[in-house]
Amino acid sequence: MHLKLSDEDRAFQEEVRSFLADHLSEDLRSKSAIQASIRTDPETAGEWAKILGKKGWLAYTWPTSMGGPGWDIVKRYIFESECALAGAPAVNSMGYRMIGPIIGKFGTPMQKDFYLPRIMQHDDSWCQGYSEPGAGSDLASLQTRAVADGDEYVINGTKIWTTGAHYANRCFCLVRTSTDGKKQEGISFVLIDMDTPGVTVQPILMISGDHELNQVFFDDVRIPKANLIGEENDGWTVAKYLLEFERGAIAYTPTLKAGLDSIAEIADIESSGTGGKLMDNPTFASKLRDLEIRVMAAEYTEKRAMSALSQGQNPGAQSSMFKLMGSELGQEISELKMEAIGHYALPFLPESRIPGNNVKFPGPEHTRTVTAKYLNGRASTIYAGSSEVQRTILSKQILGL
Ligand SMILES: Cc1cc2nc3c(=O)[nH]c(=O)nc-3n(C[C@H](O)[C@H](O)[C@H](O)COP(=O)(O)OP(=O)(O)OC[C@H]3O[C@@H](n4cnc5c(N)ncnc54)[C@H](O)[C@@H]3O)c2cc1C
């Protein structure tokens, strides 16, 4: 196992750092810092995505054959870590991380020529139309129908929890094209332009007050058959391939470590309530140290996996372990941070986190996003495969239960 960076990787790390120093403006960084979501607001994130696209680093996970930089896993890890540590905006990754690789694998030459360059330059904003009111973990139960009519499909149904549908111009969607056979067998994967007549988007506000989620309705929506990806009724194969990419970033622990550092800074400022600083309170300090030890263990596990991957080994069920550890540790960190700011956790002012707002948050700057991040972060153990689903995968694949 090699955990140390090679000379070449260290040089690459310097290149990324200097790019961030030159291009990540204070304006972008501060707009990004006041937000609670895992995804920065579309204007700020879009501006940063365009900068990355120009450099050829937006679709940083892509091989050179698709027009990407062809980085190995270590370079990708370095890039993600440096962006997280620098406080770069979190861009909508559904284009380059999800639909891009799908089109690269299953798309026709025309689909590749049209969509891939647009994704690399962030010319489109994508959303994912999978979940429905009766189909989440059990996705294959989806009911949204697509009926063939000449060169078109006519789509009727609804999708829910669709992140970013209110600003996306394109959606990749799973629809039912047949009710014969097993439920997985009658599903197709299609692309829908969000401005097609019959598409309606209704907001769902999160407990943090943020608008990220939506319910999308399709009423007699007509799309060309040319928007089918892969074969009709073979969308499940396409969807399963996509799940490999949905887990997201490989570098979870830099963000977790940054969260712990910010708690330590707060605990050196805020008072304990019984004299002295919060950090002098042994109960609080021991909670913080406990989390630090567990994040350190996660970091070594992450680096061990990266080392194995860089030598061509398969991650197997490890991706479930990272999703589980990353999301659950993240929630515990946000909970401790909320404890650290005491009564400043109480004000509910989502407006104070909108870039350019003139709403003053009634507390020091380090308290502005804490409660909202705690509330927003509750969702992390549900999306991209809930904790229960990840534990089932681990128990089957690792424990053989
Ligand atoms: C913030 C957020 C963003 C999202 N964004 C999108 C998006 O952009 N596009 C999209 O298509 N979807 C999106 N989703 C939906 C997400 O994929 C689903 O919420 C998720 O798959 C769970 O489905 P569900 O909500 O229907 O819950 P259910 O599947 O009904 O689960 C309810 C509970 O039962 C448990 N459970 C379910 N099945 C099992 C099982 N077999 N064994 C043990 N326990 C089980 C779950 O763990 C959970 O605790 C998003 C969700 C959230 C919270």
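Reckoned from all heavy atoms, side chains included, excluding hydrogens, waters and symmetry mates.
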- Salt-bridge criterion met for K50 and D123 (N-O under 4.0 Å): yes
Sub-4.5 Å side-chain heavy-atom contact between I119 and W62 | yes
>> Could you tell me if N169 and D195 have a donor-acceptor pair between their side chains, going purely by distance under 3.5 Å?
In response: no
Q.
Using a strict threshold of under 4.0 Å (side-chain N to carboxylate O), is an ion pair present between E292 and K257?
A. no
Could you tell me whether the side chain of F284 reaches within less than 4.5 Å of the side chain of S272, counting heavy atoms only?
-> no
Would you call K277 and E265 a salt bridge, taking side-chain N to carboxylate O under 4.0 Å as the test?
no
Answer yes when K75 and D9 have at least one side-chain N-carboxylate O distance shorter than 4.0 Å, and no when they do not.
-> yes
| Are the charged groups of D151 and R222 less than 4.0 angstrom apart, N to O? | no
- Task: State whether a side-chain donor-acceptor pair under 3.5 Å links K360 with S352.
- Result: no
| Flag, side chain of N156 to backbone of D220, donor-acceptor distance under 3.5 Å | yes
Checklist entry - Are the side chains of T144 and L174 in touch, meaning some heavy atoms are under 4.5 Å apart? => result no
Evaluate T40 against K31 for side chain to side chain donor-acceptor pair (under 3.5 Å), listing each step before the verdict. CA-CA 8 Å; T40 312; K31 281 179 181 162; over 6 Å; no
Exercise. Do R39 and T163 come close enough that some side-chain heavy atom pair is under 4.5 Å?
Worked result: yes
Legend entry - Donor-acceptor side-chain pairing of T158 and Q215 below 3.5 angstrom: yes
message = Looking at D290 and K287, is there a salt bridge between them, counting it only when a charged N and a carboxylate O are closer than 4.0 Å?
response = no
dist I187:CD1 -> L142:CG (nearest 0.5 Å) comes out at 4.0 Å
Exactly one of I102, T108, V190, D234 clears side chain to side chain contact (heavy atoms under 4.5 Å, CB included) with I229, and that residue is I102
- [ ] Would you mind reporting whether W236 and E185 have side-chain heavy atoms less than 4.5 Å apart?
- [x] no
- Run the ring pair (Phe, Tyr, Trp, His ring centres under 6.0 Å) check on W71 and W57 step by step: do they pass? CA-CA 10 Å; W71 291 342; W57 285 3; 5.3 Å; yes
Looking only at side chains, do H166 and Q202 share a donor and an acceptor under 3.5 Å apart? no
(Q) Measuring only between side-chain heavy atoms, which start at C-beta, is I333 closer than 4.5 Å to I263? (A) yes
- Can R29 and E26 be counted as an ion pair, charged N to O under 4.0 angstrom? yes
>> Side chains of S262 and K337 only: does a donor on one sit below 3.5 Å from an acceptor on the other?
In response: yes
Please report the C-alpha distance between Y77 and E302 in whole Å, then the side-chain angles of each, then the deciding distance to 0.1 Å, and finally whether the side chain to side chain donor-acceptor pair (under 3.5 Å) criterion is met. CA-CA 10 Å; Y77 184 89; E302 190 172 81; 2.9 Å; yes
Correct closest heavy-atom pair for K159 and Y130 would be NZ-O, 3.0 Å
Just by distance, with hydrogens left out, do N376 and E212 show a side-chain donor and acceptor under 3.5 Å apart?
-> yes
Would you sort out whether F106 and Y241 count as a ring pair (Phe, Tyr, Trp, His ring centres under 6.0 Å), showing the intermediate values?
CA-CA 10 Å; F106 298 95; Y241 181 72; 5.5 Å; yes
- Say whether T381 and S387, considering side chains only, have a donor N or O and an acceptor N or O under 3.5 Å apart. no
**Message:** Hydrogens and angles aside, do T177 and N233 bring a side-chain donor and acceptor to less than 3.5 Å of each other?
**Reply:** yes
*asked:* Less than 3.5 Å apart, any donor N or O on the side chain of Q143 or E132 sitting next to an acceptor on the other?
replied: no
Open item on the list: Can a side-chain donor-acceptor contact be found between Y153 and R145 if the only test is distance below 3.5 angstrom?
Closed with: no
TODO: Taking atom types as modelled, find out whether T253 and E299 have a side-chain donor-acceptor pair closer than 3.5 angstrom.
DONE: no
So, D27 and S25: side-chain donor and acceptor under 3.5 Å apart, yes or no?
no
Check your understanding: Can R118 and D124 be counted as an ion pair, charged N to O under 4.0 angstrom?
Key -> yes
What orientation do W126 and F172 show, parallel under 30°, tilted 30 to 60°, or perpendicular over 60°?
tilted
Checklist entry - Checking side chain to side chain donor-acceptor pair (under 3.5 Å) for the pair Y60/E80: CA distance, chi angles, key distance, verdict? => result CA-CA 10 Å; Y60 69 95; E80 287 175 10; 2.6 Å; yes
Cationic tip of R304 within the cone over Y300's six-membered ring, i.e. under 6.0 Å and within 45° of the normal?
no
